[in-house]
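Before any comments, here is the structure.
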Amino acid sequence: MRIEIVDEAIPAEAIVAEMKAGADGAVCVFDGIVRDNTRGRRTLHLDYEAYREMALEQMKGLAAEAVTRFGVRDVALVHRLGRLVVGETSVLVVVASAHRGAAFDACRWLIDTLKTTVPIWKKEQFVDGAVWADGEPFPAAMAVHSGDDLEMLG
Amino acid sequence: MLGYSGLMRVRVLYFGVLRDLAGHREVEVELAEGLSVAEFLAFQRASFQRASVAEASQLWDSIAVAVNKEYARGDVVLRDGDEVALLPPVSGGRGL
């Protein structure tokens, strides 16, 4: 599994190519790129920062869980940090599997879960100011307070 | 090491909007031994508010805490030498 946090451009096509193996019938790719606006406000660039060591551990955990949960053969998960401009890849998810159903499901689960659990933040620079993007709430298992649920992660 | 018992030293890390509000990414603090994550978070919230850098309570209600790089519940007890990170809701990955 190729799990990385990088500071330079993500070589998406090369990563997808190296993920393919003879046993695979499908490779599902999610290429997350920087959009030119947020709710109509024009974006100049995004600055991504991370709690790097923890983020990498979380990403490794997600990739391993995707393999067991969906039965896919291999996963690549790469996130870029630093300043990104419109059109650049911020995150790449690649899932290789014998069948397409599991590949689609695992790919969707990986990006959705990464988005709410991996400690990475982005600051959006607009023509008229900068703001930290609002994140989605943490899942109950990660929250400090979550009612009576005392189950720890994993 | 500390010269007397009763206090512990932890390293506190701030990320995202909290780093901007704190004005720095990390700080070492001395705390009473036996302090829980929930108590620590309440102290941090109060000290940010005293410094007039209070954000909407919505932000503080949504913060997660990592102890030694793992998400921690409110009842986890902090130990001397711990690395404690305050994590605003994350926003990596794709656009909104």
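Here is the naming used below: chain letters follow the sequence lines, and residue numbers restart at 1 for every chain. These numbers come from a predicted model, not from an experiment.
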- Which atoms of A:A50 approach chain B - backbone, side chain, both or neither, heavy atom under 4.5 Å: backbone

- Task: Answer yes or no: does atom CZ of A:R52 have more than 12 heavy-atom neighbours from other residues, nucleotides or ligands under 6.0 Å?
- Result: yes

- Task: Assess whether atom CZ of A:R2 is packed by more than 12 heavy atoms of other residues, nucleotides or ligands within 6.0 Å.
- Result: yes

- Message: Under 4.5 Å from any heavy atom of chain A, what part of B:I63 do you find: side chain, backbone, both or neither?
- Response: backbone

- Query: Which heavy atom in A:K115 sits nearest to a heavy atom in B:V90, and how many Å separate them?
  - Reply: O-CG2, 3.2 Å

- Message: Could you tell me if the side chain of B:V17 sits less than 4.5 Å from the side chain of A:K123, heavy atoms only?
- Response: no

- Message: In the structure I gave you, are the side-chain heavy atoms of B:R19 and A:W121 within less than 4.5 Å of one another anywhere?
- Response: no

- Message: According to a hydrophobic-cluster definition based on side-chain heavy atoms being under 4.5 Å apart (Ile, Leu, Val, Met, Phe, Trp, Tyr only), do B:V76 and A:M142 belong together?
- Response: yes

- Query: Any side-chain heavy atom of A:P139 sitting closer than 4.5 Å to one from B:Y71?
  - Reply: no

- Query: Do the side chains of A:V34 and A:I10 join up, straight or via other hydrophobic residues, at under 4.5 Å, putting them in one cluster?
  - Reply: no

- Query: In terms of hydrophobic clustering (I, L, V, M, F, W, Y; side-chain heavy atoms under 4.5 Å; direct or indirect links), are A:V95 and A:V91 co-clustered?
  - Reply: yes

- Item | Nearest-0.5 Å distance, OH of residue A:Y51 to CZ of residue B:R25 | 8.5 Å

- Looking only at heavy atoms, which of residues 36-43 of chain B get nearer than 4.5 Å to chain A? B:V37, B:A38, B:L41

- Query: Do the side chains of B:V65 and B:L21 join up, straight or via other hydrophobic residues, at under 4.5 Å, putting them in one cluster?
  - Reply: yes

- Indicate yes or no for a side-chain donor-acceptor contact from B:S91 to the backbone of A:K122 under 3.5 Å, with no hydrogens or angles considered. yes

- Item | hydrophobic_cluster_shared for B:L86 and B:V77, side chain cutoff 4.5 Å | no

- Task: First locate atom CD1 of A:I120, then atom CG of B:L87, and finally report the distance between them rounded to the nearest 0.5 Å.
- Result: 12.0 Å

- Non-hydrogen atoms of chain B under 4.5 Å away: do they reach the side chain of A:E57, the backbone, both or neither? neither

- Query: Yes or no on side-chain contact (heavy atoms from CB on, under 4.5 Å) for A:M54 and B:F15, after CA distance, side-chain angles and deciding distance?
  - Reply: CA-CA 12 Å; A:M54 180 177 173; B:F15 291 96; over 6 Å; no

- Message: Looking at every non-hydrogen atom in both residues, tell me the closest pair between B:A64 and A:F138 and how far apart they are.
- Response: CB-CE1, 3.4 Å

- Task: Step through the shown structure and confirm whether more than 12 heavy atoms of other residues, nucleotides or ligands are within 6.0 Å of CD on B:E70.
- Result: no

- Task: State, to 0.1 Å, how close A:W132 and B:D20 come at their nearest heavy-atom pair, and which atoms those are.
- Result: NE1-OD2, 2.7 Å

- Message: For B:K69, is there any backbone N or O sitting under 3.5 Å from a side-chain donor or acceptor partner on A:E53?
- Response: no

